[in-house]
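Protein chains get the first letters and strands the later ones, always in sequence-line order, with residue 1 at the start of each.
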2 protein chains.
Amino acid sequence: MIRNKTVIRTLLFIRPMESMKKITPTAAELEILNILWNEEPLTVKDIHVLISKSKDVGYTTTLKTMQKMTEKGLLQRERNGKSHLYFSTRAKEETRGRLLDRLVDSAFGGSASSLVMQLLGNKKTSKDELDEIKQIIEQMKND
Amino acid sequence: MIRNKTVIRTLLFIRPMESMKKITPTAAELEILNILWNEEPLTVKDIHVLISKSKDVGYTTTLKTMQKMTEKGLLQRERNGKSHLYFSTRAKEETRGRLLDRLVDSAFGGSASSLVMQLLGNKKTSKDELDEIKQIIEQMKND
DNA sequence: TTTAAACTACGATACTTGTCGTACAAAGAT
DNA sequence: ATCTTTGTACGACAAGTATCGTAGTTTAAA
């Protein structure tokens, strides 16, 4: 049985369909997305300046990552004079939802309530957070 | 009689400092851990049979993955005749907690309540799940 | 005792991720 | 017009993941 995807695509003369792919960003990509979700659009430089505050990384690393993200369809860009303005193509909620689904499936046996239980029992979650979560639930009960 | 082997080995210092490393398992590793968290210990074959039900993968792939996990300290094993019996070294809750923390940090700006909101607003989370979650919260309020 | 079956060990491969360095292009500054 | 700055493009590389194939070892069967 042929398992190699590259081989299969070659044999079938098809290309990977970017639009159909449900891409979940990696950690480095999320760092960039978190910034863009807060303020769009931004240049590579803008983002790199922000990231550099908490992390020592080269400019071309950020650039390359954003180029890859654009290839993948996570970002779009448009020329703005000499440089580009980047913005995210997917709503924050959609991406977060997908990541959450993946975690629920892969680590919590598909049970979202197990995840919440874990979260509420987690020492790292602050009391304020817990109160806030409880309040959210309370509010939802009135639907 | 003490049945928990992880505890025994921890007390006997069978594993060195490796066990201190904070490793977060990958997707393929989680698949194996999910099985072991449910029933321990198991052989490579046991696990491979179970995984094969939902996934087409070679036996040596499962074997190799479990060998790597043992190297990393995620699993431990002991000879059992011709083969080995594997068991996980970390409590389910610890690993889940770490994965959850990572997601909260990387995708939800460190806000656990944002994560819960997202989860509750997620169409994919079933009504039953939602009810269950609400019930959990309700119960926690009585502390 | 030879053989077959069941296992393990280990190397190899393809892909992905994160990271830079270098080369090149465009726009100003001198 | 030439030099400097500010960008982009692109190749390269190390590390890690998932995946198998092949070879070798042990146990059980004939």
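The minimum heavy-atom distance linking A:Ala107 with B:Leu30 is given by the pair CB-CD1, 4.0 Å. B:Trp37 approaches B:Arg96 most closely through the heavy-atom pair CZ3-NE, 4.3 Å.
In this structure, of C:dA9, C:dC20, C:dT8, it is C:dA9 that holds the atom nearest to the side chain of B:Arg77. Comparing D:dT5, C:dC20, D:dC20 by their nearest atom to the side chain of A:Thr61 picks out C:dC20. The side chain of A:Thr26 approaches C:dT17 more closely than any other nucleotide in the set C:dC20, D:dT8, C:dT17. Closest contact between the side chain of A:Lys45 and the listed nucleotides C:dT8, D:dG7, C:dT17 involves D:dG7. Of the candidate nucleotides D:dA9, C:dA27, C:dG18, D:dA9 has the atom lying nearest to any side-chain atom of A:Leu63. Residue B:Val44 places its side chain closer to C:dT8 than to any other of D:dT17, D:dA18, C:dT8.
A:Asp46 places a side-chain N or O within 3.5 Å of a backbone atom of A:Thr43 that can act as its donor or acceptor partner. Proximity of a side-chain donor or acceptor of B:Ser114 to a complementary backbone N or O of B:Phe108 within less than 3.5 Å is not detected. Using modelled atom types, one side-chain atom of A:Gln118 and one backbone atom of B:Glu93 make a donor-acceptor pair closer than 3.5 Å.
Nucleic acid contact for A:Ser83: sugar-phosphate only, since backbone atoms but no base atoms lie under 4.0 Å from a heavy atom of the residue. Residue contacts shown for A:Lys64 include a base, since a base heavy atom lies under 4.0 Å away. Within 4.0 Å (heavy atoms only), B:Thr60 reaches at least one base atom of the nucleic acid.
We find that CE of A:Met69 is positioned 16 Å from P of C:dT16, with the value rounded to whole Å. Here the P atom of nucleotide C:dC10 and the CE atom of B:Met66 are 17 Å apart, to the nearest Å. Residue B:Glu71 contributes atom CD, which lies 15 Å from atom P of C:dT8 at whole-angstrom precision. Taking atom NZ of residue A:Lys68 and atom C1' of nucleotide D:dC10, one finds them 11 Å apart after rounding to whole Å. Between the CD atom of B:Glu29 and the P atom of D:dA18 there is a distance of 6 Å, rounded to whole Å. Straight-line distance from the OH atom of B:Tyr86 to the P atom of C:dA9: 6 Å, rounded to whole Å. B:Asn80 places its CG atom 14 Å from the C1' atom of C:dT8, with the value rounded to the nearest Å. C:dG18 atom P lies 15 Å from atom NE2 of A:His48, rounded to whole Å.
Position along DNA chain C of the nearest nucleotide to A:Gly81 versus A:Val57 favours A:Val57 as the more 5'-ward residue.
The phosphate of D:dA9 (OP1 or OP2) has a side-chain N or O of A:Gln67 nearer than 4.0 angstrom. Remark: A:His84 is in phosphate contact with D:dT8, judged by side-chain N or O atoms under 4.0 Å from OP1 or OP2. Under 4.0 angstrom from either OP1 or OP2 of C:dA6 there lies no side-chain N or O belonging to B:Tyr59. When the side-chain nitrogen and oxygen atoms of B:Lys82 are compared with OP1 and OP2 of D:dG24, none of them lie within a distance under 4.0 Å.
You'll find the side chain of A:Met66 stays beyond 4.5 Å of the side chain of A:His84, heavy atoms only.
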